[in-house]
Amino acid sequence: MRLLIPLTVLMLCVFMSLIGCDQMVKQPIMEIVKPSQDALEMAQAAMERVNERRTEAHQEAKEAGDFSTVFTASEEIFKEELGFRKGLWVDLVDIYRQENLENTARLEALEKLEGAFAEKVQDGTLGMFYFTYISSFDALIVEYLRLSFEFPEKSEEERLTLFRESVTDREIIIVFP
């Protein structure tokens, strides 16, 4: 019995040297471990989940024949999927507007979108098209999320400051469908 343990250890060592364990140890760890997603990819993936939920909420409203539910569903989706407080996306749009006061093309595009919103409100059909229109702001939300993933230690106020800088430094544009 006493000889069995040393013999087992010896056999294990011989076996490890025969299979080439030494080669594996010399290989750098970075080549083995895949890098995690970057902040932009994570933000885009989160927005994809939001869009899946939007599609579900729109379908449910369509089946029920009541599109008034999409407005509250939108805020719930932002809160549940992204951790947004109510109206945060509106703050992002306001910052976008403020930072583009001298860019007439961007302001005109934003005003066109707001005009379409107003027209649908007057028609009483905004609920049917709400998710289509609100998706125009997805680029702003993705940028804010990117900053959130890149700087998780920062407060919302600090991220909004970074967002303000980002809107002017990066090419973030609202695209009207």
Side-chain angles (χ1 to χ4, degrees), residues 28-59 61 67 69-121 125-177:
I29 293 175
M30 290 307 293
E31 290 181 16
I32 298 171
V33 178
K34 300 245 185 218
S36 64
Q37 287 182 314
D38 73 358
L40 179 59
E41 289 172 338
M42 291 168 53
Q44 291 168 333
M47 207 61 222
E48 285 177 29
R49 290 190 305 273
V50 166
N51 284 319
E52 288 170 8
R53 298 263 319 265
R54 285 175 175 167
T55 301
E56 291 169 8
H58 186 267
Q59 188 61 36
F67 287 95
T69 59
V70 297
F71 304 109
T72 55
S74 181
E75 289 294 334
E76 288 174 18
I77 292 168
F78 282 150
K79 182 179 180 185
E80 292 170 7
E81 292 296 328
L82 308 177
F84 279 18
R85 64 170 166 76
K86 186 175 182 174
L88 178 60
W89 70 273
V90 175
D91 291 345
L92 299 178
V93 174
D94 286 341
I95 291 170
Y96 179 84
R97 178 189 322 279
Q98 293 166 9
E99 294 304 313
N100 284 290
L101 289 175
E102 296 186 18
N103 188 327
T104 55
R106 288 188 184 180
L107 282 180
E108 286 174 5
L110 186 56
E111 288 171 4
K112 182 178 177 183
L113 179 60
E114 290 171 340
F117 261 73
E119 187 178 303
K120 295 299 180 188
V121 168
T125 59
L126 180 60
M128 287 186 269
F129 302 100
Y130 185 69
F131 287 130
T132 301
Y133 287 120
I134 198 171
S135 69
S136 301
F137 304 120
D138 286 359
L140 302 179
I141 295 167
V142 166
E143 179 59 15
Y144 180 81
L145 289 172
R146 182 190 70 79
L147 293 167
S148 297
F149 289 124
E150 195 169 318
F151 303 102
E153 74 285 354
K154 300 223 180 267
S155 69
E156 178 183 304
E157 184 178 321
E158 292 170 313
R159 284 193 299 265
L160 287 173
T161 300
L162 290 170
F163 178 78
R164 182 176 300 279
E165 295 168 8
S166 189
V167 166
T168 55
D169 294 345
R170 296 169 57 96
E171 288 297 314
I172 303 187
I173 301 170
I174 293 175
V175 179
F176 182 57

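These numbers come from a predicted model, not from an experiment. No hydrogens, no waters, no symmetry mates; every other heavy atom, side chains included, goes into these values.
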Checklist entry - For the atom pair CD (Glu111) and OG1 (Thr104), what is the distance rounded to the nearest 0.5 Å? => result 10.0 Å
Checklist entry - Do the non-hydrogen side-chain atoms of Phe129 and Glu119 ever get within less than 4.5 Å of each other? => result no
Checklist entry - Roughly how far apart are Leu110 CG and Asn103 CG, rounded to 0.5 Å? => result 11.0 Å
Item to check | side-chain contact (heavy atoms from CB on, under 4.5 Å) evaluation trace for Met42 with Leu145 | outcome: CA-CA 8 Å; Met42 291 168 53; Leu145 289 172; over 6 Å; no
Checklist outcome for this item: With sequence neighbours left out, the residues meeting side-chain hydrogen bond (donor to acceptor under 3.5 Å, both in side chains) with Ser166 are Glu143
Checklist entry - How long is the span from the CG atom in Asn51 to the CD atom in Glu48, to the nearest 0.5 Å? => result 8.0 Å
Next on the checklist: Does any part of the side chain of Tyr133, heavy atoms only, come nearer than 4.5 Å to the side chain of Leu126, both counted from C-beta?
Outcome noted: yes
Item to check | Over all atoms of both residues, closest heavy-atom pair of Arg85 and Glu75 | outcome: O-OE1, 4.4 Å
Checklist entry - Would one find more than 12 heavy atoms of other residues, nucleotides or ligands at under 6.0 Å from atom CD of Gln59? => result yes
Item to check | Minimal non-hydrogen separation, Leu147 against Leu162, with atom names | outcome: CD1-C, 3.8 Å
Item to check | Which atom of Phe131 lies closest to which atom of Ser74, heavy atoms considered | outcome: CE2-CB, 3.8 Å
Next on the checklist: Any non-hydrogen side-chain atom of Phe137 less than 4.5 Å from a side-chain atom of Leu140?
Outcome noted: yes
Item to check | Basic-acidic side-chain contact under 4.0 Å: Arg146, Glu150 | outcome: yes
Next on the checklist: Show, in sequence, the C-alpha distance, side-chain angles and deciding distance for Glu81 and Met47, and conclude whether the side-chain contact (heavy atoms from CB on, under 4.5 Å) test is met.
Outcome noted: CA-CA 8 Å; Glu81 292 296 328; Met47 207 61 222; over 6 Å; no
Checklist entry - Do Trp89 and Phe84 make the cut of ring centroids closer than 6.0 angstrom? => result no
Next on the checklist: Check Glu80 with Arg53, please: is the shortest side-chain N to carboxylate O separation under 4.0 Å?
Outcome noted: yes
Next on the checklist: Looking at Arg97 and Glu114, is there a salt bridge between them, counting it only when a charged N and a carboxylate O are closer than 4.0 Å?
Outcome noted: yes
Checklist entry - His58 and Met128: which non-hydrogen atoms are nearest, and at how many Å? => result NE2-O, 3.1 Å
Next on the checklist: Looking at every heavy atom in both Ile134 and Phe117, which two are closest together, and how far apart are they?
Outcome noted: N-CZ, 4.3 Å
Checklist outcome for this item: Heavy-atom closest pair (Phe163 atom, Leu92 atom, distance to 0.1 Å) is CE2-O, 3.6 Å
Checklist outcome for this item: To the nearest 0.5 Å, atom CG of Asp94 lies from atom CZ of Arg164 at 9.5 Å
Item to check | side chain to side chain contact (heavy atoms under 4.5 Å, CB included) partners of Ala61, counting only residues at least two apart | outcome: Phe67, Thr69, Val70
Next on the checklist: Looking at Asp138 and Arg54, is any side-chain nitrogen of the basic one under 4.0 Å from a carboxylate oxygen of the acidic one?
Outcome noted: yes
Item to check | 4.5 Å side-chain heavy-atom contact, Phe78 and Val50 | outcome: yes
